[in-house]
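Below you will find the structure I want to go over with you.
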Amino acid sequence: MNNMATPNLIENEATIVIVGSFNPAIFHPEWLKRHGLIPAVEAEGVDVEIVHNELAKFSLRWLDIEITSNRFQAKTDDIAQFMPLRDLIMGMFQILEHTPISQIGINRKLVYQMKDEAEWHKVGDTLAPKRIWEKCLPERPGLIALAIQSARNNEPKGKTNIKLSGAAGNKIVFDINQHIEITDNQASSLIEILNKNWQRLQDESENIGKTIIQEILDE
Amino acid sequence: MNDTASINYDDVTTETDEFNRPLYDPDKLPRKSTEEVLFDISSYRKATWIEEPSIRAPRNILPPKSSKNLDSFKLLQLWEGYVSDINGDEFTATVCDRTNPDYPNEEVVFSIEEVTPDDRELLQKGAVFYWSIGYADSIGKPRSRESRIRFRRIPGWTQREIDSSRNKAKELAQLFAAD
């Protein structure tokens with residue numbers, strides 16, 4: 001078997017998505033600072049796009065937050081801040097302990113740079129063989145995106161959703177969603193899930209991207 | 001439909017005003033299905049018996065969005081640690097290598113000066129922190145190698161958690177007493 005070098009991971013982003021009932025107007029960097037969730041210096045010079053009854057959107061140096069009345073999303077592309085992201089969300093919902101929460105997504109975006117166009121096409125050709133498609137399409141078909149879902153066989157129960165797509169510049173993008181249902185609608189359950197499972201689920205997501213690419217290139 | 005997949009809310013903005021400020025289209029804002037809307041712009045636009053007025057979403061009164069922070073940090077190594085001792089202007093910590101999890105834990109002595117002033121109030125025995133080393137790139141500055149320490153910030157126990165723990169302790173005490 002020809003073991004090639006692992007492709008270059010050029011983008012690495014972690015996102016937490018929470019579905020529940022929120023009041024976007026209260027989410028502001030000053031609120032985070034007042035509750036000691038971020039250092040005072042991080043609340044200065046913050047890029048606040050909007051804080052409104054329907055939508056709050058602002059960015060810290062290392063974090064982007066977007067909140068509507070039923071969806072909360074926080075993401076960072078600084079791998080050194082993946083754990084602080086988790087801590088921040090845990091802290092926020094420890095304070096907002098009465099927030100009803102129904103679902104959580106612990107998500108990861110991985111972007112790999114393939115060596116050249118041939119290597120890039122190999123990913124699409126392996127995951128979506130063209131032989132059958134070429135029988136009914138006049139021009140050579142190409143894979144745009146592939147979606148895979150699998151149930152998790154460990155705690156917390158839920159599903160792993162993977163979307164793989166190609167991007168310009170011979171890149172392969174993985175959007176991995178670790179979806180979890182919060183059956184008791186309690187913020188305390190969210191905190192417990194993040195506390196116990198964040199690192200493991202992040203490792204599993206990273207392993208998915210690495211394994212898929214490596215297996216394809218090793219063929 | 002996967003509700004917890006990440007989405008990009010830049011799709012919410014459509015056009016901009018004469019000052020290049022985004023005008024948010026309320027039709028594109030996610031809504032709860034049971035939400036009561038006093039004025040539904042989408043149904044008003046469909047009316048055919050009156051000339052459609054030029055209704056615009058409320059102006060964004062905030063200043064134009066500044067250019068996104070283009071600083072980046074290329075991580076070389078990451079540790080998670082806890083403070084084991086504080087001695088004058090130094091503190092000792094046990095650190096666990098997150099970049100190479102198979103490596104054994106190490107004991108490291110830090111100068112308190114390495115902790116940002118905002119985090120010094122968090123410096124106490126048992127406090128957890130994240131230590132990262134990497135290359136920092138900023139607009140207008142040459143690349144620099146940086147060591148960053150960030151203390152974990154989690155609020156204290158809530159009263160509900162304390163009460164729950166006390167109740168649990170009472171139950172267990174009664175259980176053992178019965179035995």
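Throughout, a chain's letter reflects where its sequence line sits, starting with A, and its residues are numbered from 1.
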Exercise: identify the closest heavy-atom pair between A80(A) and L75(B): CB-CD1, 4.0 Å

Per-residue contacts, residues 28-39 of chain A versus chain B, heavy atoms under 4.5 Å: G36(A), L37(A), I38(A), P39(A)

Approximate separation, where rounding is to 0.5 Å, of D78(A) CG and S72(B) OG: 9.0 Å

Crowding at CD, E146(B) (>12 non-hydrogen neighbours, <6.0 Å): yes

Salt-bridge contact E42(A)-R153(B) (side-chain N to carboxylate O under 4.0 Å): no

Interface moiety of D203(A) toward chain B, non-hydrogen atoms closer than 4.5 Å: neither

Atom group of Q149(A) that falls short of 4.5 Å from chain B, counting heavy atoms: neither

E80(B), part contacting chain A, at a heavy-atom distance under 4.5 Å: side chain

Max heavy-atom pair count under 4.5 Å with chain B, selected residue of T15(A), N12(A), I106(A), I180(A): T15(A)

Side-chain touch W62(A)/R150(B), heavy atoms, less than 4.5 angstrom: yes

Main-chain N/O of R152(B) paired to D87(A) side chain as donor or acceptor, under 3.5 Å: no

Top of F73(B), F151(B), Y130(B), W131(B) for chain A proximity - count of heavy-atom pairs under 4.5 angstrom: Y130(B)

Atom group of Q81(A) that falls short of 4.5 Å from chain B, counting heavy atoms: side chain

Selection residues 106-117 of chain B - residue pairs positive for salt bridge (charged side-chain N to carboxylate O under 4.0 Å, His left out), sequence neighbours left out: E113(B)-R120(B)

Contact leader toward chain B among M90(A), M83(A), E13(A), where contacts are heavy-atom pairs under 4.5 Å: M83(A)

Residues, nucleotides or ligands: over 12 heavy atoms within 6.0 Å of K157(A) NZ: yes

Interface moiety of R86(A) toward chain B, non-hydrogen atoms closer than 4.5 Å: side chain

Over 12 foreign heavy atoms within 6.0 Å of CD1, I144(A): no

Pairwise distance CD1(I154(B)) to CG(N195(A)) - rounded to 0.5 angstrom: 7.5 Å

Sole residue of E181(A), H179(A), R71(A) in side chain to side chain donor-acceptor pair (under 3.5 Å) with T4(B): H179(A)

